[in-house]
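Working notes, beginning with the structure itself.
Within every chain, numbering begins at 1; the chains are lettered A, B, ... in the order of the sequence lines, protein sequences first and strands thereafter.
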Amino acid sequence: MAEEMKAKLKNYKTAPFDSRFPNQNQTRNCWQNYLDFHRCEKALSAKGDDVSVCQWYRRVYKSLCPISWVTDWDEQWADGTFPGRSELAAPPSPASSVLLPRW
Amino acid sequence: QNAASPIMEELIAFHDHALMIIFLISSLVLYIISLMLTTKLTHTSTMNAQEIEMIWTILPAMILIMIALPSLRILYMTDEFNKPYLTLKAIGHQWYWSYEYSDYEDLAFDSYIMPTYFLEPGEFRLLEVDNRTTLPMEADIRVLISSQDVLHSWAVPSLGVKTDAIPGRLNQAMVASMRPGLY
């Protein structure tokens with residue numbers, strides 16, 4: 001898994017087409033990759049696994065997100081005030097699904 | 001300006017096609033008006049004009065279809081799935097653009113308009129900038145456009161791209177130039 005990721009990263013040119021975000025508005029693409037990187041890092045380091053597989057998300061969000069956004073979000077992450085949920089699975093609750101922002 | 005990208009070529013061709021239809025219709029209408037104004041014939045009884053009404057319903061419908069089909073084709077062409085070679089971010093500020101190339105490392109620079117008194121002879125007023133953005137030709141480039149403060153718009157006429165720069169939103173445009181040059 002890590003070797004495949006290393007090979008993929010060596011051939012990285014730019015963030016490829018993501019069919020989850022086919023339209024003009026790529027804001028969510030940038031946000032999702034940033035979130036996925038941090039969730040991946042958090043989940044794998046909690047299990048003690050190799051974190052280098054998360055580098056794909058890092059390359060993609062670095063390509064897509066403006067540097068100013070990334071610096072702001074990094075500060076928020078360090079402060080613990082980052083608005084995104086940092087775990088993958090949310091506890092099922094009807095109230096939380098109503099509050100999800102619509103982009 | 002001349003087209004420098006395939007999309008712009010299509011847009012120019014469509015524009016010529018639509019303009020030709022417009023000239024056709026306008027000249028037909030003008031001709032008919034001149035005929036109406038210069039005739040001595042009159043017709044005041046009520047008419048049953050079934051045939052001509054059929055013609056002037058069906059004919060405009062066909063003309064509109066002839067305009068709509070290329071238009072939709074070009075519209076979907078601009079949204080085609082492309083494999084971008086490079087990602088450029090253009091961020092609008094008041095009153096300059098900053099460009100970021102961060103596929104490998106964070107390369108960012110600001111690009112201000114050259115004030116008129118600094119221009120050399122032969123340079124374009126209000127179009128020259130201090131740091132130009134360089135892009136490879138014949139490669140699909142994804143341009144992500146956003147803004148830091150107010151609404152801006154990023155456009156390159158000969159490549160057929162104009163996209164709004166909205167704070168808090170990343171708009172994607174694809175750019176592919178066929179020739180080297182200054183755009």
Checklist entry - For chain B, which residues of residues 64-74 of chain A have at least one non-hydrogen atom nearer than 4.5 Å to it? => result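 From residues 64-74 of chain A, the residues near chain B are Leu64(A), Cys65(A), Pro66(A), Ile67(A), Ser68(A), Trp69(A).
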Side-chain donor/acceptor of [X] to backbone N/O of [Y], under 3.5 Å:
X	Y	answer
Thr27(A)	Leu170(B)	yes
Arg132(B)	Ser111(B)	no
Arg142(B)	Ala15(A)	yes

Checklist entry - When the ring planes of Tyr34(A) and Phe82(A) are compared, do they come out parallel, tilted or perpendicular, using 30° and 60° as the limits? => result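 The arrangement is tilted - the two ring planes meet at 30° to 60°.
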Next on the checklist: For Phe14(B) and His17(B), take the angle between the two ring planes, folded into 0 to 90°, and tell me which bin it lands in: parallel under 30, tilted 30 to 60, perpendicular over 60.
Outcome noted: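 Phe14(B) vs His17(B) ring planes: tilted.
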Checklist entry - Looking only at heavy atoms, what is the nearest atom pair of Ala165(B) and Ser147(B), with distance? => result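 Looking at all heavy atoms of both residues, the shortest contact is O-CB, 3.6 Å.
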So which part of [X] gets closer than 4.5 Å to some heavy atom of chain A, the side chain, the backbone, both or neither?
X	value
Ser98(B)	neither
Lys89(B)	side chain
Ile91(B)	side chain
Tyr101(B)	neither
Ser146(B)	side chain

Checklist entry - Passes salt bridge (charged side-chain N to carboxylate O under 4.0 Å, His left out), Glu41(A) versus Arg58(A)? Steps please. => result CA-CA 10 Å; Glu41(A) 237 189 358; Arg58(A) 183 168 179 278; over 6 Å; no
Item to check | Asp140(B)/Lys83(B) salt bridge by N-O under 4.0 Å criterion | outcome: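 Salt bridge: no.
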